[in-house]
Every structure is written in structure tokens, then in C-alpha cells.
Asker: 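Mind looking over this structure? Questions follow.
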Amino acid sequence: MNSRIFEWAAIRSFSAEQAAWHSRVKPLFLYRARNLIERFFNKIKQCRRVATRYDKLAANYLAFVKLASIRIWLRANESTL
């Protein structure tokens, strides 16, 4: 019984912290940075090999993520080169 009360108290405090976080004013630069990161990951997931994680080894997966990142960067900057 005591463990359930503790769990409910923990859940209640966690939800209160979440509500407090959402009600705070957040700086615009944080929104912009988060948006850039989310858009980058969505572009990375367009590569099927990254999205489905065909590679078993973490080193191989990381190498392909790096290759996909370079490809995205080159595509974004090809007009300025």
C-alpha cells in the first residue's frame, strides 16, 4: 500500500513539473535551435538505412549517419559553392 502511495506522489510531482515547464516563457533561440535539430533528424530518417537501422554494429550505423549528414550538408550548400 505504501509503495502505491509513493508511486502516485511521484507521478503527481512529475506531472506538476511538466505543467510548470510548459507554462514558462521559453526564449526564441531555443525554439529555433530545437526546430533545426528536429528538421535535421527528419531529413536523416529519409535515408531508409538509418530509419530501419539495418546495421547491427553501432560503429557502422554511426558511419552511415555521418555519411547521410554530409550528404544533407552538401545538398544544402551546393548553391553557395
Side-chain angles (χ1 to χ4, degrees):
M1 181 76 177
N2 287 338
S3 64
R4 285 191 171 232
I5 293 172
F6 179 72
E7 288 175 10
W8 282 109
I11 291 171
R12 191 175 302 134
S13 68
F14 179 74
S15 63
E17 290 171 7
Q18 290 293 325
W21 165 252
H22 289 297
S23 65
R24 283 188 224 148
V25 176
K26 297 173 199 81
L28 185 60
F29 72 91
L30 286 178
Y31 275 123
R32 287 183 180 164
R34 182 178 178 193
N35 185 18
L36 279 175
I37 292 169
E38 286 182 3
R39 287 180 17 211
F40 170 74
F41 277 105
N42 286 333
K43 288 179 184 179
I44 286 281
K45 288 179 183 178
Q46 295 298 317
C47 297
R48 186 174 177 171
R49 188 171 173 179
V50 173
T52 57
R53 185 146 186 191
Y54 284 134
D55 298 318
K56 300 280 185 199
L57 298 176
N60 293 345
Y61 182 72
L62 180 62
F64 194 78
V65 168
K66 288 179 182 179
L67 284 174
S69 302
I70 291 169
R71 182 175 172 231
I72 291 169
W73 181 78
L74 286 173
R75 189 177 283 175
N77 293 324
E78 70 183 346
S79 62
T80 60
L81 297 176

Asker: Going by side chain to side chain contact (heavy atoms under 4.5 Å, CB included), name the residues that satisfy it together with R32, two or more places apart in sequence or in a different chain.
Answerer: L28
Asker: Output all residues satisfying salt bridge (Lys or Arg N to Asp or Glu O under 4.0 Å) with R34, sequence neighbours left out; order by chain, then residue number.
Answerer: E38
Asker: Within the structure provided, determine whether N60 and F64 are in side-chain contact (heavy-atom separation under 4.5 Å).
Answerer: no
Asker: For the hydrophobic clusters of this structure (ILVMFWY residues joined by side-chain heavy atoms under 4.5 Å, transitively), does one cluster hold both L62 and F41?
Answerer: no
Asker: Could you tell me which residues satisfy side chain to side chain contact (heavy atoms under 4.5 Å, CB included) with I44, sequence neighbours excluded, listed by chain and number?
Answerer: F40, V50, A68, S69, I72
